[in-house]
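Heads up, the thing below is written out as structure tokens.
A note on names: the letters A, B, ... follow the listed sequences, proteins ahead of strands, and every chain is numbered from 1. Every value quoted in this text rests on a predicted model; they were computed, and no experiment measured them.
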Amino acid sequence: MIVTIDPSALGPHFEPKAAEDKWDRLWSEWGVHRFDEAAAAPAFAIDTPPPTVSGSLHVGHVFSYTQTDVLARYQRMRGKNVFYPMGWDDNGLPTERRVQNYYHVRCESHVPFEPGLELRMADDAARKQPARRISRKNFIELCLALTAEDEKAFKVLWQRLGLSVDWSLEYSTIGDRSRRLAQWSFLDLMRKGQVYQVEAPTLWDVDFRTAVAQAEVEDRPVRGAFHKLRFAVEGGGSFVIATTRPELLPACVGVAAHPDDERYRGLLGKRAVTPLFRVPVPVFPSELVDREKGTGILMVCTFGDATDVQWWREQGLALRQVIGRDGLLVPLEFGSAAFPSLDPARANQAYGRLAGLKLKEAQKTIVELLRDASASAGDESPPLVEEPQPLEHPVKFYEQGDRPLEYITTRQWFVKILEHKQALVAAGERIAWHPDFMRMRFRNWTENLNLDWCVSRQRYFGVPFPVWYPLRADGTTDFERPILAAESALPVDPMSDVPPGFSESQRGQPGGFSGEPDVFDTWFTSSLSPQIVTGWFEKPERHKRLFPMELRPQSHEIIRTWAFYTIVKAWLHEREIPWRAAAISGWVLDPDRKKMSKSKGNVVTPTHIIDQFGADAVRYWSLAARLGTDTAFDEKVFAVGRRLVMKLYNASKYALAQSASEGPVTHPLDLAFLARLAETAARASELLDELDYAGALDVVERFFWSGYTDNYLELVKARARSESDPAGRSSAVSAAQTGLRVLLRLFAPYLPYVTEEVWSWGFAAATGHRSIHRAPWPNAEELPSSGADAGRAFDLACAFLDEVRRGKSAAGGTVGRQLATLRVAADASTVAALGPCLADLRAAARAEGELLEARPGLEPGTFQVVELVLAEKQARPEA
RNA sequence: AGGCGCGUGGCUCAGUGGUAGAGCGCUUCCUUGACACGGAAGAGGUCGGUGGUUCAAUUCCACCCGCGCCUACCA
């Protein structure tokens, strides 16, 4: 197959923007990226990460999403029916925060709904006023409006990058379908007994006023101080504990020491008496106490940390919750059964100073109180033993929060995961992680779980629980008998919808009902992305066909959240893994090797980079980076990508400008070239099958530069326009174009625009595949079978040319310089092997005569310039 | 503190049980007929350190050092 085009009709350079606009339009028109519901071809389903649209766009998005796209495009060319959806993760706190800031509003559940409320972005003047209070329904409307805008911006970027997403499969995690499926998931988990609600100490963010899950917690180093407090012992004596949280002293319900610690053995079983509040608390032994830390004996409070919760449970200690949901110390009265004190009047006086304070203020105040008490107690037994000693220690924060998390007793819904630990670890082992060591992240996290999954959030913009509660005759809520929504009614909002068998007038009335005000953790919905896209119970046939999905691409920091919860859901609902393979991408780092993030202000926006270098070049940068590897942002790599695009464009222009009569590839050099190309294609396919797109790109690119443009095209240039050797000419042109046809397809997943552009010049019509992206991936059948070392003649010719170029350069000549004399030595087998290629070698070297002479002793395949004489410089003949 | 990953030319990164690779940058040269948004040639590395296994180690093993990430660490 020989195609001849008129190169003068083409511009000197590839124009990315024009090509991108044109092909985006045509691909959409032709449905190139559509999943075919009816096709018999095997499906390849990709569980794309729905990006959080309220974040800002940056090059990190470009990076990982392009890496997914290249695999989608490859599979499509392999003939797979590629299922490549895109979703938007819009529900959750980031959106709430963005809406609050953008419109300067706050959501309050009791504020009545204002129909038709329209707000604009708040200006400076508006921001000086207190935030406007609006209803939950209005607030959600604003969230939806703003995320719709954000989603548009993302979609524009995805399209500019050439992501071959099937946009007919677009979804969002707050959309009707996602809400219905999330609520259905909840009902299914209820049915299976995998979800429960309990009133218990839970990780709580006092600013957002919501519970959070273990996965959303991170440690941050915080400056604090050890305070040494003296406790009295009932019956006489005293001891000193060390604490970083003296403000929890009123919540102290016990004292713990190590059972083998000689210093405190005598105290075990007695009761200690707290300073200031004079509350007697039990002293008990625990192996968990670190004898080296502090004074080796500590106070147990409700609740300072996770160990306090554990001791409280194990020892059956009293509950004295002093921290409120808002992070302020709650008002309370000592002297009752819950707050016994040997001196209630004094305790109440002390606590009176603390109630209503923020934690930090409370700490300051209590230290003052202790100091005063110490002054009046004299040297004998001061409650505050010495001045606080500063230290830095890790403290748990909600990852989006600003103040430390507290354990606060609230009623929350949990999904059982602890009892499935082993099964979940086993499920993780069945997934092919790329790179493989990422499976360790999953295993470590899963094995070390110590809390069930808290799925309820006291927030607004999220998927509501499909649950109501009956109200007793006395108006109290009966949480033990939740009323579940009917499956056919989903999605429901219990705050505005009415449970079966009730009427709206009974809302909040004794004997009536109340809606569950909480929403799901956003991961509760996001973890259903495979079910959302495949259709699950709505489209059981399609779900069966696509689930488990083939591929989940995502980055490593959300293995413990998104990957983990998705595996949890697949297991709990269907005893299945959600996908067969996970491709874990790295991060984009700024040039100083810091992770790019909006908060650091080091974000590079992708749009101007695409304007400057073109989408293909930007894709090249993303695709040269291997899975799991972080990459520093470096504009030079975009330039390299652009260079490749230009080279591909120009080499194609040249190859397609050749003409010859149709004829088979017969020349040994051409056959050898195609043999090496066949090996390259085979190797690239192997690597892509292992998801190693970067390795495949490296292989293809190397062959393109060095094999195709630097050497092969130079070697056959003369023969390809020979008037005297029509068969040789046909062979050369045919091989050069076959090579191009293969290389273009090998590059197509990486550089979709330039390859499509070139393909359209002639190959589209000649092959009958109007888009290269639906053309078959190069396979062994279309290239001459490569026997053992079938490519040797090509390697030798390249090595010869290399040696001649070196010799010319050393002699002060340039590549194109004619040679008066050229004699090159090689061993006899090499000379013999190159016999049929001599004419090509002469032309490429710009030399006459025999060129090659056999010399014993030389390594086969190596060449040695014996004599090289530059010809006189000739004026170029006028054209 | 544990786990994982990384340490290769100035920079970014491939790679391999048998005399070190690429791109960028650098030096020199070239507007030759696909390409100056290009091309040719060249300089540049005791492959983090110390031991071990081996005929042979940058590659395998052990230990150590440095960096990064994940997890744990709130008394």
Residues A/Glu15, A/Lys17; criterion salt bridge (Lys or Arg N to Asp or Glu O under 4.0 Å); working and verdict: CA-CA 6 Å; A/Glu15 302 295 345; A/Lys17 186 74 174 78; over 6 Å; no

Whole-Å distance separating the CG atom of A/Leu870 from the P atom of B/C30: 13 Å

Residue A/Trp445, side-chain heavy atoms: nucleotide from B/C74, B/A34, B/A72 that is nearest: B/A72

From B/U71, B/C70, B/A14, nucleotide with atom closest to A/Asp698 side chain: B/A14

Minimum-distance nucleotide to A/Asp305 side chain [options: B/A34, B/C73, B/C74]: B/C74

Distance between P atoms of B/G15 and B/G9 (Å, rounded): 15 Å

Separation of atom CG in A/Asn711 from atom C1' in B/A34, rounded to whole Å: 16 Å

Side-chain touch A/Arg439/A/Glu429, heavy atoms, less than 4.5 angstrom: yes

P gap between B/A56 and B/G18, integer Å: 14 Å

Atom pair distance, as rounded to whole Å: CG in A/Asp630 and P in B/C4: 18 Å

Partner set under ring-ring contact (aromatic ring centres under 6.0 Å, His included) for A/Tyr649, not counting sequence neighbours: A/Phe14, A/Trp761

Any A/Lys808 side-chain N or O less than 4.0 Å from OP1/OP2 of B/C30: no

Mutual orientation of the aromatic rings belonging to A/Trp621 and A/Phe63 [parallel < 30°, tilted 30-60°, perpendicular > 60°]: tilted

Touch class at under 4.0 angstrom, heavy-atom based, for A/Val289 against every strand present: base

Rounded distance in Å between the P positions of B/C74 and B/C6: 31 Å

B/C4 to B/U12 separation - C1' atoms, rounded to the nearest Å: 23 Å

Set of salt bridge (charged side-chain N to carboxylate O under 4.0 Å, His left out) partners for A/Arg702, sequence neighbours left out: A/Asp698

Approximate separation, where rounding is to 0.5 Å, of A/Gln363 CD and A/Thr243 OG1: 8.5 Å

By ring-ring contact (aromatic ring centres under 6.0 Å, His included) - contacts of A/Trp204 (at least two apart): none

Side chain to side chain contact (heavy atoms under 4.5 Å, CB included) partners for A/Arg441, two or more places apart: A/Met438, A/His556, A/Ile559

Distance in angstrom units between A/Lys421 NZ and B/U71 P, rounded: 15 Å

Touch class at under 4.0 angstrom, heavy-atom based, for A/His13 against every strand present: base

Touch class at under 4.0 angstrom, heavy-atom based, for A/Gly304 against every strand present: base

Proximal nucleotide (of B/C37, B/C35, B/C70) relative to the A/Trp587 side chain: B/C70

Sugar-phosphate, base or nothing in reach of A/Lys293, heavy atoms under 4.0 Å: base

Sugar-phosphate only, base, or nothing, as touched by A/Arg846 at under 4.0 Å among non-hydrogen atoms: nothing

Face-on cation placement of A/Lys717 at A/Tyr654 ring, 6.0 Å and 45° thresholds: yes

Residues that A/Tyr693 engages under ring-ring contact (aromatic ring centres under 6.0 Å, His included), provided they are two or more places apart: none

Integer angstrom distance from the C1' of B/G2 to that of B/G25: 41 Å

Summary of salt bridge (Lys or Arg N to Asp or Glu O under 4.0 Å) pairs that have at least one residue in residues 618-628 of chain A, sequence neighbours excluded: A/Asp69-A/Arg619, A/Arg626-A/Asp692

Of residues 218-229 of chain A, the positions that come close to RNA chain B - non-hydrogen atoms, cut-off under 4.0 Å: A/Asp219, A/Phe226

Nucleotide B/G15, atom P - distance to CD of A/Glu701 in whole Å: 15 Å

Enumerate all atom pairs, one protein N or O and one N or O from nucleotides 39-45 of chain B, separated by less than 3.5 Å.
unit_1: B/G39; atom_1: OP1; unit_2: A/Lys647; atom_2: NZ; d: 3.2
unit_1: B/G39; atom_1: OP2; unit_2: A/Arg643; atom_2: NH1; d: 3.0
unit_1: B/A40; atom_1: OP1; unit_2: A/Asp710; atom_2: OD2; d: 3.4
unit_1: B/A41; atom_1: O4'; unit_2: A/Ser809; atom_2: OG; d: 3.3
unit_1: B/A41; atom_1: O2'; unit_2: A/Ser809; atom_2: OG; d: 3.3

Nearest-nucleotide pick for A/Thr629, side chain only, options being B/A34, B/C74, B/A14: B/A14

Toward the 5' end of RNA chain B, by each residue's nearest nucleotide, A/Met299 or A/Pro12: A/Pro12

Spacing between A/His556 atom NE2 and B/C69 atom C1', to the nearest angstrom: 7 Å

A/Gln658 vs A/His393, nearer the 5' end of RNA chain B by closest nucleotide: A/Gln658

Pairs flagged by side-chain hydrogen bond (donor to acceptor under 3.5 Å, both in side chains) wherever residues 802-811 of chain A is involved - sequence neighbours left out: A/Asn711-A/Arg805, A/Glu803-A/Arg806

Sugar-phosphate only, base, or nothing, as touched by A/Arg721 at under 4.0 Å among non-hydrogen atoms: base

Pairwise P distance, B/C11 and B/U46 [rounded to whole Å]: 13 Å

Dot-bracket encoding per residue of RNA chain B, Watson-Crick/G-U cut-off under 3.5 Å, | denoting interstrand: (((((((..((((....[..)))).(((((.......))))).....(((((..]....))))))))))))....

Aromatic ring pairing A/Phe703/A/Phe673, orientation class (parallel under 30°, perpendicular over 60°, tilted between): parallel

Separation between the P atoms of B/U19 and B/G5, rounded to whole Å: 28 Å

Sugar-phosphate, base or nothing in reach of A/Glu714, heavy atoms under 4.0 Å: base

All side chain to side chain contact (heavy atoms under 4.5 Å, CB included) counterparts of A/Ala225, not counting sequence neighbours: A/His227, A/Pro388

Pair of N/O donor and acceptor under 3.5 Å linking B/A34 base with A/Lys717 side chain: yes

Distance in angstrom units between A/Arg441 CZ and B/G2 C1', rounded: 14 Å

Between B/G52 and B/G17 - C1' atom distance, rounded Å: 15 Å

Side chain to side chain contact (heavy atoms under 4.5 Å, CB included) partners for A/Thr4, two or more places apart: A/Ile2, A/Ser659

Whole angstrom value for the distance that separates P of B/G38 from CG of A/Leu648: 14 Å

